[in-house]
Every structure is written in structure tokens, then in C-alpha cells.
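Quick caveat: nothing in here was measured; it's all calculated off a predicted structure. A, B, ... follow the sequence lines: proteins, then strands. Residue 1 opens every chain.
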Amino acid sequence: MKDSIFQMVYELVKQIPPGKVSTYGQIAFLLGNPRLSRVVGYALHGNRDPEVPCHRVVNRKGELASAFLVNGVQEQRLLLEIEGVPFTGEGTVDLSSCLWEGPA
DNA sequence: AAAGTGACGCATT
DNA sequence: TAATGCGCCACTT
């Protein structure tokens, strides 16, 4: 396994429990560098592994990503709603209630 | 081999 | 309060 940021991002995102969401910045912070938020997004951008619930990762405002899977943000929002994640708007998640702060 | 680009976030003007 | 710039890593041209 490489020590690349990408690998760590994937491993971390895999640990996000259902019904919860996390942000790029939060993940970057857990990796040890809050400024890696951009890299985190890039990592998930190229991700195709179903093991990595990239739909549970949103930006700092709680807004869904712009270029999700084939169905776009609609699919992402649906997945989150099914898991019980509350929405404050059409494309906005209630981070105050469902933000995953990291592995115990 | 070097420069540009990209699912972001925070500080500053 | 809103808008712009900078920082970080990996990948593409």
C-alpha cells in the first residue's frame, strides 16, 4: 500500500457510518493537514470503488458535490435521504446533526 | 521535465 | 457582507 494521500482518503471515507456525512475539510483535517481538502476532493473524483461511500462526503457548507455519479447530485441526495441524513435544503445536508467527526 | 488543472477551505481585502 | 487569492497533492498534456 502506498502512503499516498489518496489511499488514506479512501480508507477514511470507508469508515463513515450510514446516516452520517463528512466534509472534505474534515477528512483533510483527520489526515493531518486541513489544506488537503482539495486533494480529498480530487481523490474521490477518481474513485469508483463501491466500498468508498463518496456520496457521504460533501463540502463545508453541506452542499452536495457538482459532479457525482451518472445521475448527479440527485442520486447523491437520494442515497443520503435513504440513509436518514436530514436535509436543510434541496442540495444541502444538515451538518450540525449528521457530521461525522472521525473514527472514535 | 515543467506547467496547468481540479468534488475545497480559510484568510484577507 | 461579498469577492478574490493562496495552499495542498496527484494526474494530464
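Straight-line distance from the CZ atom of A:F6 to the C1' atom of B:dC8: 13 Å, rounded to whole Å. Counting to the nearest Å, the C1' atom of B:dC8 and the CG atom of A:L64 are 15 Å from each other. In this structure, A:F29 atom CZ and B:dG9 atom C1' are separated by 13 Å, rounded to whole Å. Summarising the geometry, the separation between CD1 on A:I5 and P on B:dC8 is reported as 17 Å, rounded to the nearest angstrom. Between the CG atom of A:L44 and the P atom of C:dC11 there is a distance of 14 Å, rounded to whole Å. Atom-to-atom, OH of A:Y10 to P of C:dC9 comes out at 16 Å; the value is rounded to the nearest Å. Rounded to an integer number of Å, the gap from OH of A:Y24 to C1' of C:dC9 is 16 Å. Here the C1' atom of nucleotide C:dC9 and the OH atom of A:Y42 are 10 Å apart, to the nearest Å.
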Between protein and nucleotides 2-5 of chain C, what N or O pairs are separated by less than 3.5 Å?
none

Tabulated below should be each protein N or O lying under 3.5 Å from an N or O of nucleotides 1-4 of chain B; please produce it.
none

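Qualifying salt bridge (Lys or Arg N to Asp or Glu O under 4.0 Å) partners for A:R38, counting only residues two or more places apart in sequence or in other chains: none. Shown here are the side-chain hydrogen bond (donor to acceptor under 3.5 Å, both in side chains) partners of A:N33, two or more places apart in sequence or in another chain: there are none. Partners of A:E81 according to the side-chain hydrogen bond (donor to acceptor under 3.5 Å, both in side chains) rule, which considers only residues two or more places apart in sequence or in another chain, are A:R77. Contacts of A:Y42 classified as side-chain contact (heavy atoms from CB on, under 4.5 Å), with partners at least two apart in sequence or in another chain: A:F6, A:H45. Remark: A:P50 engages no residue in a side-chain contact (heavy atoms from CB on, under 4.5 Å) (not counting sequence neighbours). Under the salt bridge (Lys or Arg N to Asp or Glu O under 4.0 Å) criterion, A:K61 pairs with no residue, sequence neighbours left out.
Residues from residues 30-41 of chain A that place a heavy atom under 4.0 Å from any atom of DNA chain C, listed by number: A:R35, A:L36, A:S37, A:R38, A:V39. For residues 80-91 of chain A, proximity to DNA chain B is found at no residue, defined as any non-hydrogen atom under 4.0 angstrom from a strand atom.
Partner A:V13 forms a side chain to side chain contact (heavy atoms under 4.5 Å, CB included) with one of A:D49, A:L44, A:N47 and no other, that one being A:L44.
For the atom pair CG (A:L95) and CG (A:N59), the distance works out to 8.0 Å, reported to the nearest 0.5 Å. Remark: A:L36 CG to A:I27 CD1 distance equals 11.5 Å, nearest 0.5 Å. The line from NE2 of A:H55 to CG of A:L79 is 5.0 Å long, rounded to the nearest 0.5 Å.
Under the salt bridge (charged side-chain N to carboxylate O under 4.0 Å, His left out) criterion, the residue pairs touching residues 83-94 of chain A are A:R56-A:E83, with sequence neighbours excluded. Sorted by first and then second residue, the side-chain hydrogen bond (donor to acceptor under 3.5 Å, both in side chains) pairs with a member in residues 14-30 of chain A read A:E11-A:K14; sequence neighbours excluded.
Minimum heavy-atom separation, A:L64 to A:F87: CD1-CE2, 4.2 Å. Contact detail for A:S37 and A:A28: the closest heavy-atom pair is N-CB, 3.4 Å.
For the P atom pair drawn from B:dG4 and C:dG5, the interatomic distance equals 16 Å after rounding to whole Å. Spacing of P atoms, C:dA2 relative to B:dA7, comes out at 24 Å, to the nearest Å.
If you check C:dC9, B:dA7, B:dG9 against the side chain of A:R60, the one that comes closest is B:dG9.
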